[in-house]
Asker: 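This is the structure, below, for whatever I ask next.
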Number of protein chains: 2
Amino acid sequence: MYEVFQQYIDSKIMLTPDEAHYIRSLAVIKKLRKKQYLLQDGDVWKYDAFITRGCVRTYSVDEKGNEHVISFSIENWWTGDRESLLSGEPSRFNIDAIEDTELVLFTHPNFELICRQIPAFNNMVNAILQKSFVTAQNRIQAALSYTAEEKYINFVKKYPGFAMRIPQSMIASYLGMTPETLSRIRTQTARK
Amino acid sequence: MYEVFQQYIDSKIMLTPDEAHYIRSLAVIKKLRKKQYLLQDGDVWKYDAFITRGCVRTYSVDEKGNEHVISFSIENWWTGDRESLLSGEPSRFNIDAIEDTELVLFTHPNFELICRQIPAFNNMVNAILQKSFVTAQNRIQAALSYTAEEKYINFVKKYPGFAMRIPQSMIASYLGMTPETLSRIRTQTARK
DNA sequence: TAATTTACTTGATCTATATCAATTCCTTTC
DNA sequence: GAAAGGAATTGATATAGATCAAGTAAATTA
């Protein structure tokens with residue numbers, strides 16, 4: 001499944017065969033069964049991870065035991081806990097597989113090596129980060145501005161594929177509402 | 001007030017006198033009176049902006065006319081609308097001054113020039129972006145997980161200075177609650 | 001394919017927070 | 001430093017969404 005990652009890179013930047021080979025030599029393939037953890041809170045996250053197949057969620061668990069979904073990531077996206085990566089502190093998040101999933105992993109030191117040696121790769125990474133930041137900011141705005149119904153409609157419009165493959169209760173959590181509320185919203189919305 | 005920016009850079013990276021001079025030659029100083037706009041929604045944002053003095057807020061306005069504060073930025077922070085900057089589309093946000101404010105502005109093409117010519121500067125910018133992303137993600141988590149009271153306590157702990165200089169109604173908006181609710185929370189919390 | 005578990009739906013009730021309204025307290029301005 | 005305008009407080013009431021509970025459907029597992 002490395003080919004998926006290769007194609008992703010090729011769609012973004014031009015590499016010499018040597019460079020492409022160098023990147024591949026540092027990549028580690030990882031497979032996750034559905035429900036398997038990629039990261040558990042308390043552990044330190046040390047990778048840069050790209051999903052080639054499947055779907056993963058990042059979430060926190062509060063004192064009452066409620067799970068709060070911070071993000072979903074699917075094939076052709078990156079995942080991980082940047083906070084733990086940067087700080088070296090134990091993560092407050094969990095990441096687990098919603099479907100059987102395959103990833104391409106780089107240890108962070110290796111990833112930084114690649115960034116330093118291949119400027120185009122570094123630029124690509126930075127562009128992704130900018131996009132991630134914009135996405136996060138838009139999510140904040142949606143959380144502040146929208147009603148529960150608007151949040152759901154906005155979500156489906158923005159990520160049409162997600163609504164199909166991700167359990168409703170997780171989408172509800174991502175949107176900051178209970179599964180019951182989302183269920184009611186869906187029947188109401190469908191009726192219209 | 002350029003010195004504040006100079007010191008900021010010096011605290012992060014080492015520059016040759018030539019490089020420092022080059023950066024300075026591309027900088028534009030801008031002053032804002034309290035309540036003055038730096039960006040109005042509908043306009044395209046084209047700068048990279050660093051605050052040397054004062055305080056600014058980024059917010060959106062919904063159809064009902066309610067303002068939703070996306071972020072506060074004070075001296076030694078950056079501000080702007082990255083979404084509009086990257087896409088070239090009109091901004092959906094407003095940025096205005098909460099206090100009299102001074103900024104160091106770079107047009108984005110100039111800023112990119114600096115990044116390309118001074119790798120250390122580029123790295124600094126990327127590090128800032130990573131931090132911004134982590135901050136945004138933490139804010140999402142707080143918005144999903146906390147009660148109104150917890151949100152406020154968390155905010156004061158995280159940004160002790162802000163609670164002093166920013167009007168309560170704006171903090172309430174930032175936290176996703178009404179000014180009345182925040183007022184009540186404050187009197188309750190004080191009583192404890 | 002039956003059994004078991006897990007996810008979703010629907011209904012009744014509750015509650016945190018919003019809304020509306022009046023009053024007081026600060027700023028700003030002239 | 002008086003007047004005016006905006007911000008914060010406080011009270012009464014309303015409501016979106018949460019919680020609790022039961023039933024139904026769908027997915028796993030045996």
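Proteins get letters first, then strands, A, B, ... in listed order; numbering begins at 1 in each.
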Asker: Could you check how far CG of A:D100 sits from C1' of D:dA27, rounded to whole Å?
Answerer: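 These atoms are roughly 15 Å apart.
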Asker: For B:P167, which contact category applies under a 4.0 Å heavy-atom criterion: base, sugar-phosphate, or nothing?
Answerer: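 The residue B:P167 makes sugar-phosphate contact but no base contact.
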Asker: B:Q188 CD to D:dT10 P: how many Å, rounded?
Answerer: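 In whole Å, D:dT10 P lies 11 Å from B:Q188 CD.
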Asker: Look at A:E150 together with B:K64 and state whether they make a salt bridge at an N to O cut-off of under 4.0 Å.
Answerer: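 B:K64 and A:E150: not salt-bridged.
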Asker: May I ask you to decide if A:C55's main-chain N or O and A:T101's side chain share a donor-acceptor pair within less than 3.5 Å?
Answerer: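 Between the backbone of A:C55 and the side chain of A:T101 there is a qualifying donor-acceptor contact (under 3.5 Å).
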Asker: Using heavy atoms to find the nearest nucleotide of DNA chain D for B:Q168 and B:K35 separately, return the residue whose nucleotide is more 5′.
Answerer: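 Result of the comparison: B:K35.
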Asker: Treat primed atoms plus P, OP1 and OP2 as sugar-phosphate and everything else as base, then score nucleotides 13-30 of chain C 5' to 3': B for base contact with protein heavy atoms under 4.0 Å, S for sugar-phosphate contact only, - for none.
Answerer: ----SSBB-------S--
Asker: Return the value, rounded to whole Å, for the distance between atom CG of A:L175 and atom P of D:dA16.
Answerer: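 Rounded to whole Å, this separation is 18 Å.
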Asker: Does any part of the side chain of A:F93, heavy atoms only, come nearer than 4.5 Å to the side chain of A:W45, both counted from C-beta?
Answerer: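 When only atoms from C-beta onward are counted, A:F93 and A:W45 do not touch, as no gap falls below 4.5 Å.
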Asker: How far does CG of B:N76 sit from OG1 of B:T52, to the nearest 0.5 angstrom?
Answerer: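 Rounded to the nearest 0.5 Å, the CG-OG1 separation comes out at 8.5 Å.
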Asker: B:F72 and side chain to side chain contact (heavy atoms under 4.5 Å, CB included): which partner among B:I74, B:V69, B:I70?
Answerer: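 Exactly one candidate clears the test, B:V69.
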Asker: Could you state the atom-to-atom distance from CZ of A:R186 to P of D:dA25 in whole Å?
Answerer: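 The answer, rounded to whole Å, is 16 Å.
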Asker: Tell me: CZ of A:R33 to P of D:dT29, nearest whole Å?
Answerer: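 It works out to 11 Å between those atoms.
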Asker: For salt bridge (Lys or Arg N to Asp or Glu O under 4.0 Å), just list the numbers for B:D96 and B:R57, CA-CA rounded to whole Å, side-chain angles, deciding distance to a tenth of an Å, and then say yes or no.
Answerer: CA-CA 6 Å; B:D96 67 13; B:R57 80 207 233 254; 2.9 Å; yes
